[in-house]
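Naming: A, B, ... by sequence-line order, numbering from 1 per chain. Side chains included, hydrogens not; waters and symmetry mates left out as well; all remaining heavy atoms used.
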Amino acid sequence: MSGVATRGSSRLAPLDESFFDRPPRPVAQDLIGCELLHDGVGGRIVETEAYEEDDPACHAFIGRTGRTKVLFGPPGRAYVYLCYGIHRMLNVVTDADGIAAAVLIRAIEPLEGVELMAERRGGGRSARELCSGPGKLCQALAIELEQTRMSLVEPPFQLRGRDPSLEAPTIVAGPRIGITKGAELPWRYCLAGSEYLSQSAG
DNA sequence: CCTGCGATTTGCT
DNA sequence: GCAAATCGCAGGC
């Protein structure tokens with residue numbers, strides 16, 4: 001990987017499991033501005049949504065099933081599932097072992113491996129079309145369904161904290177996108193003014 | 001620019 | 001059998 005230009009900040013402190021060992025709303029807000037990489041490809045998280053156990057929109061609301069049991073497990077794991085038969089969605093499991101909660105990663109600002117992302121997403125796309133939505137970013141980062149239950153704080157994934165020398169980002173909260181149950185809860189968080197938010201985000 | 005719809009698989013009822 | 005935490009394209013204004 002030494003030949004790949006590094007536009008992100010490789011010196012940023014990696015997040016560890018304890019960062020995710022708390023309720024999903026603070027985690028979702030604190031993830032804004034952090035860097036997510038898969039096999040060295042990724043960028044800065046600019047949009048997230050929180051899902052709690054006691055939340056009809058959360059997949060764990062119906063209980064523990066084969067698909068949702070990872071949500072009840074230890075924090076810092078990936079929950080990847082298929083939506084509408086085509087799109088993969090990436091979540092980070094949060095909160096203590098035994099409590100079901102997750103944060104959906106909805107959009108990132110591409111920083112590293114941009115050419116590879118463009119190739120995976122298909123030709124003729126601008127930088128802001130690469131990862132501006134939960135299905136798009138899984139395609140751009142090549143995140144697969146089989147990676148559900150893998151740790152996001154271990155290779156091939158990397159999660160790095162915000163640059164402490166920068167000002168804390170301004171975060172805007174709003175209603176979550178694309179859901180029918182619990183749609184009124186303002187548990188979506190965006191980096192204010194970012195060019196790389198999902199289309200439905202303000 | 002904005003609205004509407006088809007694609008396509010999984011897992012639960 | 002059906003709904004689902006989406007996306008991209010076609011067509012109209």
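- Atom CZ of A:R149 is surrounded by 12 or fewer heavy atoms from other residues, nucleotides or ligands within 6.0 Å.
- Taking atom CZ on A:R128 and atom P on C:dG8, their separation rounds to 14 Å, with Å as the unit.
- Nearer to the 5' terminus of DNA chain C, by closest-nucleotide assignment, is the contact made by A:K181 (compared with the other of A:K181 and A:G133).
- Put simply, CG on A:L82 is 12 Å from C1' on C:dA5, counting in whole angstrom units.
- A salt bridge links A:E52 with A:R25: the closest approach of a Lys/Arg side-chain nitrogen to an acidic carboxylate oxygen falls below 4.0 angstrom.
- Between A:I105 and A:V92, some side-chain heavy-atom pair lies under the 4.5 Å cut-off.
- Taking the charged nitrogens against the carboxylate oxygens, A:R121 and A:E129 have no contact shorter than 4.0 Å, which rules out a salt bridge.
- In terms of phosphate contacts, A:T180 brings a side-chain nitrogen or oxygen within less than 4.0 Å of OP1 or OP2 of C:dA4.
- Looking at the side chain of A:Y51, the nearest of the listed nucleotides B:dG11, C:dA5, C:dT6 is C:dA5.
- In this structure, the nucleotide among C:dA5, B:dT10, C:dC7 sitting nearest to the side chain of A:C83 is C:dA5.
- Pairing for B:dC2 goes to C:dG11, judged as Watson-Crick or G-U wobble with the two contacts each under 3.5 Å.
- The aromatic ring centroids of A:H59 and A:Y51 lie 6.0 Å or more from each other.
- Straight-line distance from the CZ atom of A:R64 to the C1' atom of B:dC12: 17 Å, rounded to whole Å.
- In this structure, CG of A:L71 is placed 13 Å from P of B:dG11, rounded to the nearest angstrom.
- Between C:dA4, B:dT10, C:dC7, one nucleotide has an atom nearer to the side chain of A:P134 than all others, and that is C:dC7.
- Taking atom OH of residue A:Y84 and atom P of nucleotide B:dG4, one finds them 16 Å apart after rounding to whole Å.
- Partner assigned to C:dA5 is none, using Watson-Crick or G-U wobble distances below 3.5 angstrom.
- Within the nucleic acid shown, A:R121 comes within 4.0 Å of sugar-phosphate atoms alone, with no base atom in reach, counting heavy atoms only.
- For C:dC2 and B:dG6, the P atoms lie 16 Å apart once the distance is rounded to whole Å.
- Rounded to a whole Å, the CD1 atom of A:I86 is 13 Å from the C1' atom of C:dC9.
- As a whole-Å value, the separation of A:I143 CD1 from C:dA5 C1' is 15 Å.
- An OP1 or OP2 oxygen of B:dC12 is reached within less than 4.0 angstrom by a side-chain nitrogen or oxygen of A:T65.
- Listed pair A:R125 / C:dG8 meets the phosphate criterion, a side-chain N or O lying under 4.0 Å from OP1 or OP2.
- Among the atoms of the strands shown, base atoms are found under 4.0 Å from some heavy atom of A:L104.
- Listed pair A:K136 / C:dG8 meets the phosphate criterion, a side-chain N or O lying under 4.0 Å from OP1 or OP2.
- Side chain A:H87 to base C:dA5: no donor-acceptor pair is found below 3.5 Å.
- Using a 4.0 Å heavy-atom distance criterion, A:R176 is classed as making no nucleic acid contact.
- Residue A:F20 is tested with A:D95, A:V153, A:V93, A:V103 for a side chain to side chain contact (heavy atoms under 4.5 Å, CB included); the sole match is A:V153.
- In this structure, A:E144 places its CD atom 13 Å from P of B:dT10, rounding to the nearest Å.
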